[in-house]
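Nothing here was measured: the structure is a model prediction, and the numbers come from that model. Both counts, for ligands and for their atoms, begin at 1 and track the order of listing.
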Amino acid sequence: MTAASTQAGAPPALAAIKALIASEIGPVADELDQAQSIPPQLLDNIGRSGLLGACIAAQYGGQAFDDQAVGELGAALGAASCSLLSLFTVHTMVSVAIGRWGTPAQRTQWLPRLAGGAVIGACALSEDGAGSDIAAASTTLTRQGDTLLLDGAKTWISFGQVAGLFLVSAQLDGQLTTVLVDRDQPGLSVTPIRDMYGFRSAMLARIAFDRCVLPSANLLGSTGFGLSRIVGSVLDHGRFCIAWGAAGLAQACLEAAVHHADTRVQFAKPLSEQPLIQQLLSDMMVHSRAAALMCRDATNARQGRANDMLARTTAAKYFAASAAEQVAGQALQIHGALGLSGGHPVQRYARDARILSLIEGSRQIQQMLIAQYSRQWIHTCT
Ligand SMILES: Cc1cc2nc3c(=O)[nH]c(=O)nc-3n(C[C@H](O)[C@H](O)[C@H](O)COP(=O)(O)OP(=O)(O)OC[C@H]3O[C@@H](n4cnc5c(N)ncnc54)[C@H](O)[C@@H]3O)c2cc1C
């Protein structure tokens, strides 16, 4: 950490946050994966680093990083730990939603605490009966004078075990609407979900709401604003983070595979001199490079507020997640039994890569969106 970044009031530099990811997260990622949790001390250090304030305005104590910086953080986290990539993703989804759509009172109440990590934000959209089809949520909000009654349950909520604030989607007057719910809310209960295939330290939970009475001021946006604006914009932000995370994971797989292929000798020469292994490595390099370029394309579109920035973000997420899965599988192949052994990072990369193609809209959902965008794209894309 530089002297400047440790001075009181000085925003921690992007480089210092990346250094923390490399020194405090990467080296323990396999231990976290096996423990299926993040120690409170590490969560505190992450909060203090400024990572969680990446997408919050400086006036609320955040870093107000641009898309380029957010992408770099996503890539660094994807290479280090996809579980913590998901913390960054869901927490910034909540911050972005409040920053963009929150009332002044909601911003003042939540953004400073989210920026420093005193409160972790989680996005509670999925339900037993509403996965890809988020609009099918059966959680309800009912008006009762000045208050709202929240009833229902959400599932697969990343960092739900430790989150202090939930962004919840629910039907109000038959329209999908979003509401902010404090963890201490009476009637809210949290049940941990363990033993996921990947993202094992993302501390997933099921969140149930049993006749929770909320102030109407907790609504984020107006009735029916949920699906068209808020959910759409938070998922777009989530896709951007996951796309870069996938590119970072693919790069980490390539690095591990090159190192192993150079040092592992079979048939009297290193694997890297065997033509079929070279074929795998070349394929891995091209796919990880292409993933990073798609992410840069989306970043440029976002930085320039291009009309097709949503399309380019979706395309980047679709491609990078698929590339990460392919490259991680090839890295496993190159590592042989070693890569399949417990606690080996390549095993974790492969399991985590599988999840990247499901969250923030599955591969099929991205394909459906890209097909819709393709009409607009043939006229605008250069
Ligand atoms: C590790 C992890 C973390 C998660 N974190 C969160 C979180 O923080 N918050 C949250 O709200 N949710 C979270 N989720 C849930 C995630 O968003 C959903 O898993 C995802 O939206 C898909 O929903 P589903 O699993 O119910 O699959 P389904 O919607 O049941 O889909 C099953 C399969 O069918 C395909 N499919 C669905 N519809 C179509 C169609 N029309 N055409 C073709 N194929 C289709 C899908 O692509 C998928 O392959 C998480 C999930 C995981 C695994």
Side-chain angles (χ1 to χ4, degrees), residues 29 32-33 36-38 77-78 81-97 120-139 152-170 176 178-181 183 190-209 220 226-227 230-239 241-242 245-246 249 314 317-318 321-322 324-325 348-372:
L32 303 177
D33 190 69
Q36 299 191 41
S37 70
I38 309 293
L77 286 163
S81 159
C82 275
S83 292
L84 285 164
L85 166 70
S86 80
L87 170 65
F88 178 66
T89 302
V90 296
H91 183 92
T92 55
M93 284 162 82
V94 175
S95 327
V96 163
I120 288 183
C123 245
L125 307 176
S126 301
E127 299 184 5
D128 291 339
S132 301
D133 185 6
I134 287 169
S138 60
T139 295
K154 298 288 175 174
T155 193
W156 315 122
I157 308 309
S158 299
F159 287 89
Q161 293 178 32
V162 289
L165 175 66
F166 297 94
L167 172 65
V168 179
S169 59
L176 200 73
T178 46
V179 65
L180 297 171
V181 185
R183 185 195 186 87
V190 174
T191 308
I193 298 174
R194 289 180 59 81
D195 299 327
M196 296 301 288
Y197 178 74
F199 282 48
R200 284 170 73 86
S201 48
M203 304 186 82
L204 266 63
R206 181 177 176 85
I207 316 293
F209 311 103
L220 187 65
L227 190 61
I230 299 174
V231 172
S233 69
V234 298
L235 286 177
D236 166 61
H237 174 81
R239 281 174 195 144
C241 295
I242 294 298
L249 182 142
T314 300
K317 195 271 181 183
Y318 169 70
S322 298
E325 200 176 336
R348 172 171 51 85
Y349 296 151
R351 287 185 284 101
D352 287 347
R354 188 69 195 80
I355 307 283
L356 295 169
S357 284
L358 182 73
I359 54 174
E360 317 312 345
S362 69
R363 179 173 298 155
Q364 286 72 28
I365 296 301
Q366 306 306 316
Q367 286 173 323
M368 286 156 63
L369 290 171
I370 292 166
Q372 286 166 20

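In this structure, atom 28 (P) of ligand 1 is in close contact with the protein, since a protein heavy atom lies within 4.0 Å of it. Under the 4.0 Å distance rule, the nearest protein heavy atom to atom 19 (O) of ligand 1 falls inside the cut-off. Protein heavy atoms are found inside the 4.0 Å sphere centred on atom 52 (C) of ligand 1. Within a 4.0 Å radius of atom 39 (C) of ligand 1, the protein contributes no heavy atom.
Listed by number with element, the atoms of ligand 1 under 4.0 Å from a non-hydrogen atom of M368 are 40 (C), 41 (N), 42 (N). Atom numbering of ligand 1 starts at 1 in the shown order; those under 4.0 Å from a heavy atom of I355 are 1 (C). Less than 4.0 angstrom separates some heavy atom of I157 from each of these atoms of ligand 1: 7 (C), 8 (O), 9 (N), 10 (C), 11 (O). Contact atoms of ligand 1 toward I359: 2 (C), 3 (C), 4 (C), 50 (C), 51 (C), 52 (C) (distance under 4.0 Å to a heavy atom of the residue). Within the listing of ligand 1, atoms 8 (O) sit less than 4.0 angstrom from a heavy atom of V90. Of all the atoms in ligand 1, the ones that sit under 4.0 Å from a non-hydrogen atom of Q364 are 43 (C), 44 (N), 46 (C), 47 (O), 49 (O).
Residue L125 touches ligand 1 through backbone and side chain together, judged by heavy-atom distances below 4.0 Å. Heavy atoms of I134 found under 4.0 angstrom from ligand 1: none, in either backbone or side chain. With a heavy-atom cut-off of 4.0 Å, E360 does not touch ligand 1 at all.
By heavy-atom distance, the residue among A122, S86, S132 lying nearest atom 22 (C) of ligand 1 is S132. Heavy-atom proximity to atom 26 (O) of ligand 1, evaluated over A124, G131, S169, C82, is greatest for G131.
Protein heavy atom at the shortest distance from atom 6 (C) of ligand 1 is W156 O, 2.7 Å. Nearest to atom 3 (C) of ligand 1 among the protein's heavy atoms is S158 OG, 3.3 Å.
At least one side-chain heavy atom of S169 sits less than 4.5 Å from a side-chain heavy atom of K154.
By the 3.5 Å distance cut-off applied to N or O atoms, S362 is counted among the residues near ligand 1. Considering backbone and side-chain N/O of C123, one or more are found under 3.5 Å from N/O of ligand 1. Below 3.5 Å of separation, one finds an N or O of S126 facing an N or O of ligand 1.
Partners of R348 by salt bridge (charged side-chain N to carboxylate O under 4.0 Å, His left out), not counting sequence neighbours, listed by chain and number: D30. With sequence neighbours excluded, the residues that form a salt bridge (charged side-chain N to carboxylate O under 4.0 Å, His left out) with R363 are E325.
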